[in-house]
Student: 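The structure's right below; bear with me while I get my questions together.
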Amino acid sequence: MAGERHRIITIANQKGGVGKTTTAINLATALAAIGERVLIVDLDPQGNASTGLGIDRRDRKLSSYDLMVGEREITDVTLETAVPNLFIVPSTMDLLGIEMEIAQQSDRVFKLRKALSSPEAMAFSYILLDCPPSFNLLTMNAMAAAHSVLVPLQCEFFALEGLSQLLETVSQVRRTVNPRLDIQGIVLTMFDARNNLAQQVVNDVRTHLGEKVYHTLIPRNVRVSEAPSYGKPAILYDLKCAGSQAYLQLASEVIQRERQRLAA
């Protein structure tokens, strides 16, 4: 599904442990489940998205590193997952050296954009870019390649402080390297309804950012936490659990926003 309905979404937050990879895996699974052709590009050297989708490290002969340095095409580095319609470009620790490898090159920020501009990449309805928990050259490449940014935000005290820094980075990227970049939405994760502070964070974020915040709240959920150790998305591991149901709702919101964008 090329053209206007081909969308590249960066999933980013400079803070670790906010649910970036969990969101990438389960949102991708939910989109694939309704027939969209989806690709995850794992840009985190830790490779948690790859592990969480059951890709053994021994099977990662080629990775997003090879794609970034321009040595391989998208078809060379893409693997099938156990989820129909869902594919992944896995990550390896080689990514730790990518900054030194390309830092002196004039197009260093556009390596990923170039790699994802092929007809083979355009054949995916959605490409989700799972970023490392920092603002480095990998994250910059992801933002330079993307149409929009989806921000997972943990329901905790310092959430808004980190968010303002992220939004400033998005604005800077828009001004300098990618004018089309916008905020797809902010998803509140690890929500605990019994925690008054969590509800206060939700209220504060909605007050500050209004419609940019998805209606869906992703709850703290044991089943979602267990799923990666089995190499499965939560939606496959336990479809009926609260976390899986929340990610299905989030996918509906993402699609609805894309429809509104096309209609505008």
Student: Is there a side-chain contact between Leu138 and Cys131 (heavy atoms, below 4.5 Å)?
Tutor: no
Student: Is it the case that one hydrophobic cluster holds both Ile9 and Ile34, taking links as side-chain heavy atoms less than 4.5 Å apart, direct or via other members?
Tutor: yes
Student: Identify which one of His147, Arg261, Glu258 satisfies the side-chain hydrogen bond (donor to acceptor under 3.5 Å, both in side chains) criterion when paired with Gln184.
Tutor: Glu258
Student: Counting C-beta onward and ignoring hydrogens, is there a side-chain heavy-atom pair between Ser244 and Arg223 closer than 4.5 Å?
Tutor: no
Student: Is it true that, when you exclude Glu80 itself, more than 12 heavy atoms of the residues, nucleotides or ligands shown sit nearer than 6.0 Å to its CD?
Tutor: no
Student: State, yes or no, whether a side-chain contact exists between Glu36 and Asn85 at a heavy-atom distance under 4.5 Å.
Tutor: no
Student: Side chains of Glu120 and Thr75: any donor to acceptor distance under 3.5 Å?
Tutor: no
Student: Could you tell me whether the side chain of Lys61 and the main chain of Arg58 form a donor-acceptor pair under 3.5 Å?
Tutor: yes
Student: So, does Thr189 use its side chain to make a donor-acceptor pair with the main chain of Val18 at under 3.5 Å?
Tutor: yes
Student: Determine whether Tyr237 and Val224 make a side-chain contact, defined as any pair of heavy atoms from C-beta on separated by less than 4.5 Å.
Tutor: no
Student: Kindly give the heavy-atom pair with the smallest separation between Ala24 and Leu128, and that separation in Å.
Tutor: O-CD1, 3.7 Å
Student: Using the rule that Ile, Leu, Val, Met, Phe, Trp and Tyr join whenever any side-chain heavy atoms are under 4.5 Å apart, tell me whether Met93 and Leu43 fall into a single cluster.
Tutor: no
Student: May I ask you to check whether Thr78 and Arg72 show a side-chain donor-acceptor distance below 3.5 Å?
Tutor: no
Student: Run the side chain to side chain contact (heavy atoms under 4.5 Å, CB included) test against Leu217 and tell me which residues pass, sequence neighbours left out.
Tutor: Leu188, Phe191, Val202, Arg206
Student: Among pairs that include at least one residue of residues 53-91, which meet ring pair (Phe, Tyr, Trp, His ring centres under 6.0 Å), considering only residues two or more places apart or in two chains?
Tutor: Phe87-Phe124
Student: Between the side chain of Ser125 and the main-chain N/O of Arg37, is any donor-acceptor distance below 3.5 Å?
Tutor: yes
Student: Between Ile127 and Ala121, which heavy-atom pair has the shortest distance, and what is it?
Tutor: CD1-O, 3.6 Å
Student: Does the pair Gln154 and Arg220 meet the rule for a side-chain contact (heavy atoms from CB on, under 4.5 Å), with working shown?
Tutor: CA-CA 10 Å; Gln154 189 175 354; Arg220 282 194 180 277; 3.4 Å; yes
Student: Kindly compute the distance separating CD1 (Ile88) from OG (Ser63), expressed to the nearest 0.5 Å.
Tutor: 11.0 Å
Student: Taking atom CG of Leu248 and atom CG of Leu239, what is their separation to the nearest 0.5 Å?
Tutor: 6.0 Å
Student: Looking only at heavy atoms, what is the nearest atom pair of Met143 and Ala12, with distance?
Tutor: CE-CB, 4.2 Å
Student: Going by the rule ring pair (Phe, Tyr, Trp, His ring centres under 6.0 Å), which residues pair with Phe135 if we only count those two or more places apart in sequence or in a different chain?
Tutor: none
Student: Please answer whether the main-chain N or O of Ile40 pairs with a side-chain N or O of Asp130 as donor and acceptor at a distance below 3.5 Å.
Tutor: no
Student: Does Leu209 form a side-chain contact (heavy atoms from CB on, under 4.5 Å) with Ile183? I'd like the steps, not just the answer.
Tutor: CA-CA 11 Å; Leu209 293 156; Ile183 303 288; over 6 Å; no
Student: Do Leu96 and Val69 share a hydrophobic cluster, counting only Ile, Leu, Val, Met, Phe, Trp and Tyr and linking them when any side-chain heavy atoms are less than 4.5 Å apart?
Tutor: no
Student: Going through the distances and angles, do Leu150 and Leu27 end up as a side-chain contact (heavy atoms from CB on, under 4.5 Å)?
Tutor: CA-CA 11 Å; Leu150 189 155; Leu27 176 58; 3.7 Å; yes
Student: From Tyr230 OH over to Asp238 CG, what is the distance, rounded to the nearest 0.5 angstrom?
Tutor: 11.5 Å
Student: Taking the side chain as every heavy atom from C-beta outward, state whether Ile74 and Leu39 have any pair of such atoms under 4.5 Å apart.
Tutor: yes
Student: Donor-acceptor pair, distance only, cut-off 3.5 Å: does the side chain of Lys20 make one with the backbone of Lys15?
Tutor: yes
Student: From Leu181 CG over to Thr10 OG1, what is the distance, rounded to the nearest 0.5 angstrom?
Tutor: 7.0 Å
Student: If I compare all heavy atoms of Ile25 with all of Pro233, which pair ends up nearest, and what's the gap?
Tutor: CG2-CB, 3.6 Å
Student: So, Asn48 versus Thr21: side-chain donor-acceptor pair below 3.5 Å or not?
Tutor: no
Student: Has Thr139 got a side-chain atom pairing as donor or acceptor with Ser134's backbone, closer than 3.5 angstrom?
Tutor: yes
Student: Can a salt bridge be assigned to the pair Arg175 and Glu168 using a cut-off of 4.0 Å between side-chain N and carboxylate O?
Tutor: yes
Student: Under a 4.5 Å cut-off applied to non-hydrogen side-chain atoms, are Tyr247 and Thr22 in contact?
Tutor: yes
Student: Any side-chain heavy atom of Leu137 within less than 4.5 Å of one from Val109?
Tutor: yes
Student: Within the structure provided, determine whether Val201 and Glu156 are in side-chain contact (heavy-atom separation under 4.5 Å).
Tutor: no
Student: Ser50 side chain to Ser91 main-chain N or O, any donor-acceptor pair under 3.5 Å?
Tutor: yes
Student: Answer with yes or no whether the hydrophobic clustering places Met190 together with Val187; edges join I, L, V, M, F, W, Y residues whose side-chain heavy atoms lie under 4.5 Å apart.
Tutor: no
Student: Please report the C-alpha distance between Gln14 and Thr169 in whole Å, then the side-chain angles of each, then the deciding distance to 0.1 Å, and finally whether the side-chain contact (heavy atoms from CB on, under 4.5 Å) criterion is met.
Tutor: CA-CA 10 Å; Gln14 75 277 19; Thr169 301; over 6 Å; no
Student: Do side-chain atoms of Asn26 reach the backbone of Ile235 as a donor and acceptor pair under 3.5 angstrom?
Tutor: yes
Student: Under a 4.0 Å N-O cut-off, is there an ion pair linking Lys111 with Glu101?
Tutor: no
Student: Give me the atom names and distance for the closest heavy-atom approach of Val41 to Ser64.
Tutor: CG1-CB, 4.2 Å
Student: Mind checking the CD-CD1 spacing from Glu99 to Ile102? Nearest 0.5 Å is all I need.
Tutor: 7.5 Å
Student: If I compare all heavy atoms of Ala144 with all of Arg180, which pair ends up nearest, and what's the gap?
Tutor: O-NH2, 4.4 Å
Student: Should the heavy atoms of other residues, nucleotides or ligands under 6.0 Å from CD of Glu73 be counted, would the total exceed 12?
Tutor: no
Student: Could you state the interatomic distance from CG (Leu67) to CG (Leu116), rounded to the nearest 0.5 Å?
Tutor: 6.0 Å
Student: Hey, is NZ on Lys212 packed in by over 12 heavy atoms from elsewhere, all under 6.0 Å?
Tutor: yes
